[in-house]
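Here the structure is a predicted model, which means the values were calculated and not measured.
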Amino acid sequence: MIKISPAVLLLMLSFFLWRCQDSSPASGGQASGVDFKRKDNVVYARLPAEPDRLNPILAASTYARVVNEQLFLNLLHFNPTTLELEPQLAKAPPVVKEITEGPNAGGVAYTFEIHETAVWDDGSPITGHDLAFTLKAILNPKVNAAHYRAYLEFISEVEVNADNPKAFTVYANKKYILGEPAISNMTVLPAHIYDPEGLLSPYRVADLSDPEAAARLVESDPGLQAFADAFNSPKYSREKGFVSGSGPYTFEGWETGQKIELSRKTDWWGDELQADYPMLSAAPERLVFTIIPDQTAMLAALKDEQIDVTSQIDAEDFAGLRDNELVSGRYELHTPPALVYYFIGLNNKSPKLADKRVRRALAHLLDVDELINTLYNGLATRTVGPFHPTKPYYHDELPPIPFDPEQARSLLAEAGWEDTNGNGIVDKNLNGVLTELELDYIISSASKFANNQALLFQDNAKRAGVSINIEPKEFTVLIDQVKKRDYEIYSSGWGQAPIPDDPKQLWHSESDTPSGGNRVSFRNEEADRLIEAIQVTLDEQKRRELYLEFQELIYEEQPYIFLFSPLERIAISKRFEAMASARRPGFFVQDFVLRDVAPQ
């Protein structure tokens with residue numbers, strides 16, 4: 001029997017109650033009786049930070065995903081209410097067939113068909129050839145998509161139906177726990193827009209599916225490098241006419257640091273299918289994503305009705321909004337459970353942090369319970385590892401690491417860190433140089449919570465002779481430094497989907513690349529072995545045992561300081577009927593339906 005801790009049980013209960021109550025459309029404040037400043041069918045959504053790029057293959061930021069999902073469609077996507085994969089660009093879930101003979105024996109075939117009416121912006125049909133192109137782009141080793149490639153290494157070929165190019169089969173050369181969801185949830189890009197010279201046309205997916213063979217091809221064919229250079233360039237991530245997809249909205253412009261604007265396509269092909277395919281819904285005429293990093297500025301914009309929706313409201317501010325009559329009359333406030341956990345990343349390559357005893361000592365130097373209770377108003381539950389507490393394989397028998405400065409000092413002494421010069425900071429001889437344990441901690445300058453968390457950590461760490469230097473950064477600058485591994489400590493979060501977890505993207509040695517997700521440079525042969533076993537173990541009980549063993553290893557090594565899984569804090573204007581969701585970012589602007597308000 002799976003044991004469930006009281007904390008996890010509480011989080012699961014909150015999820016159940018939210019699904020029963022908070023997932024219904026905002027209805028507590030009907031538009032009647034409220035004189036809203038804006039009455040147009042335009043959603044003004046706040047982004048807490050600048051997106052990195054509007055290219056779903058290259059983007060690594062949640063803030064980019066919010067915008068990209070309006071421009072590009074997946075074959076299937078997660079329904080915000082049910083959290084299950086439902087058809088979007090494809091007509092139905094794939095027909096799945098095990099392969100018993102031929103070069104892919106032991107693998108699986110996934111057959112899809114795209115809607116007959118689905119076309120790109122210029123009216124050309126969306127076909128399986130576009131899906132094949134998208135896969136080839138991802139598998140090109142020079143394209144900055146290592147975080148995406150980690151999930152698609154099992155794909156061996158794509159075969160497009162000669163009689164019906166909208167039908168195609170994706171072949172996998174092995175069984176993989178995420179085979180069906182990874183392929184189904186793929187975004188499709190128009191080949192003729194993103195590869196106008198046909199540089200990938202001479203190749204099949206099979207030519208690039210083997211990493212070593214793909215690397216040799218890139219060295220011998222300058223066309224593959226030329227494609228990657230163009231695809232990676234800002235042109236295909238920021239310029240009107242070059243950011244083009246199959247979604248209901250078209251990209252109008254991006255004012256750096258200010259806003260991104262999208263407009264709804266007229267006569268969009270998905271309109272006639274919405275009744276039968278809810279994942280094709282698109283109600284607002286325009287979407288304006290306003291970039292407001294500062295919490296104080298966001299609160300002012302909210303109270304002035306300059307924005308219709310925002311998530312990631314600092315917990316203390318959210319409590320204040322609940323008591324504000326002006327806000328409660330115009331906004332619904334939601335707290336769905338978020339499929340995300342927060343952590344402090346430790347650069348395992350840093351000589352100061354290479355010893356796991358030092359990393360464990362740092363984990364003893366943050367009072368996470370105080371963090372949750374005083375800075376997060378109790379709207380979270382502690383986590384101890386790399387999976388969300390509601391996952392059935394979450395290891396709830398691993399005890400949270402307690403705040404214990406004395407234990408931290410003892411661990412540091414074991415690792416050779418002691419205060420030899422009497423200045424209050426422990427030190428050690430590293431490569432012939434006396435080095436003090438002084439760590440630079442980069443955080444998002446946009447988050448008041450991140451700053452308060454860092455201050456608490458800084459104060460806690462002093463008790464064991466560790467000096468923390470706080471360095472607030474703009475989000476894009478922070479991400480760039482982390483990708484380059486040019487940091488010692490940083491704060492972040494990781495969102496997870498409602499499917500089994502594949503830890504390879506974050507924890508495998510192969511993912512320790514500039515565009516890979518292993519941004520703390522954690523390298524461990526046993527972890528790699530467990531990850532690879534998890535990927536191919538279809539038996540749920542056996543896979544659970546591997547998950548537990550993997551979590552025990554991560555717990556021992558402490559490459560992160562794991563903090564907590566939060567409840568999201570969202571405000572949505574009552575001038576729209578809209579739902580909050582456990583799926584990130586917690587709201588879905590394409591589904592906002594304007595209430596019956598008087599025209600301007």
CA sep, side-chain torsions, deciding dist, call: K448, D317, salt bridge (charged side-chain N to carboxylate O under 4.0 Å, His left out) = CA-CA 10 Å; K448 183 162 54 177; D317 293 330; 3.0 Å; yes
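- Salt-bridge annotation for E252 and K259: absent, with no side-chain N of the basic residue lying under 4.0 Å from a carboxylate O of the acidic one.
- Side chains of Y63 and Q312: a donor-acceptor N/O pair is present below 3.5 angstrom, by distance only.
- Using a 4.5 Å cut-off on side-chain heavy atoms (C-beta onward), Y277 and K91 make contact.
- Defined by atom type and a distance below 3.5 Å, a donor-acceptor pair is present between the side-chain atoms of N469 and D440.
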Evaluation steps, side-chain contact (heavy atoms from CB on, under 4.5 Å), between R46 and V309 | CA-CA 6 Å; R46 176 248 180 169; V309 59; over 6 Å; no
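- Atom OG in S581 sits 11.0 Å away from atom NE2 in H334 (nearest 0.5 Å).
- Here Y341 contributes atom OH and Q496 contributes atom CD; the two are 5.5 Å apart, rounded to the nearest 0.5 Å.
- With salt bridges taken as basic N to acidic carboxylate O contacts below 4.0 Å, one links D304 and K37.
- Separating the CD atom in Q258 from the CD1 atom in I260 is a distance of 11.5 Å, to the nearest 0.5 Å.
- Rounding to the nearest 0.5 angstrom, the gap separating the CD1 atom in I372 from the CZ atom in F564 is 6.0 Å.
- Atom CD of E261 has more than 12 neighbouring heavy atoms from other residues, nucleotides or ligands inside a 6.0 Å radius.
- A side-chain N or O of N79 and one of E86 form a donor-acceptor pair less than 3.5 Å apart.
- Ring centers of F562 and F343: at least 6.0 Å apart, outside the cut-off.
- The cationic atom of R595 (NZ for Lys, CZ for Arg) does not lie both less than 6.0 Å from the six-membered ring centre of F576 and within 45° of the ring axis.
- Centroid-to-centroid, the aromatic rings of F133 and Y194 stay 6.0 Å apart or farther.
- A donor and an acceptor atom, one from each side chain of D501 and Y393, are located under 3.5 Å apart.
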Start with the C-alpha distance between I442 and I489, add both sets of side-chain angles, then the distance that settles side-chain contact (heavy atoms from CB on, under 4.5 Å), and finish with yes or no.
-> CA-CA 6 Å; I442 59 175; I489 307 176; over 6 Å; no
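- Electrostatic pairing of R575 and D40 counts as a salt bridge here, judged by a charged N lying under 4.0 Å from a carboxylate O.
- Looking at every heavy atom in both residues, A283 comes nearest to N41 through O-ND2, 3.2 Å.
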How far apart are the C-alpha atoms of F242 and Y236, what are their side-chain angles, what is the distance that settles it, and do they pass the ring pair (Phe, Tyr, Trp, His ring centres under 6.0 Å) test?
-> CA-CA 5 Å; F242 293 94; Y236 285 109; 5.5 Å; yes
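- If you take NZ on K166 and CG on L89, they are separated by 7.5 Å, rounding to the nearest 0.5 Å.
- A salt bridge links R330 with E305: the closest approach of a Lys/Arg side-chain nitrogen to an acidic carboxylate oxygen falls below 4.0 angstrom.
- Residues L73 and L280 have side chains in contact (heavy-atom distance under 4.5 Å, counting atoms from C-beta outward).
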Just do the side-chain contact (heavy atoms from CB on, under 4.5 Å) check on F72 and V243 with the steps written out, would you?
-> CA-CA 9 Å; F72 305 92; V243 176; 4.0 Å; yes
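- Aromatic ring orientation, Y376 versus F449: perpendicular (interplanar angle above 60°, classes split at 30° and 60°).
- A cation-pi arrangement is not found for K240 relative to F251, the charged atom failing to lie both closer than 6.0 Å to the ring centre and inside a 45° cone about the ring normal.
- Judged by distance alone, the side chains of S61 and R53 never bring a donor and an acceptor atom under 3.5 Å apart.
- For the pair V43 and V288, the minimum side-chain heavy-atom distance is 4.5 Å or more.
- Using modelled atom types, one finds a donor on one side chain and an acceptor on the other under 3.5 Å when comparing S491 with Y441.
- Residues F475 and E50 share a closest heavy-atom pair of CD2-O, 4.1 Å.
- Atom CH2 of W494 and atom CG of L339 lie 13.0 Å apart (nearest 0.5 Å).
- Salt-bridge annotation for R264 and D271: present, with a side-chain N of the basic residue lying under 4.0 Å from a carboxylate O of the acidic one.
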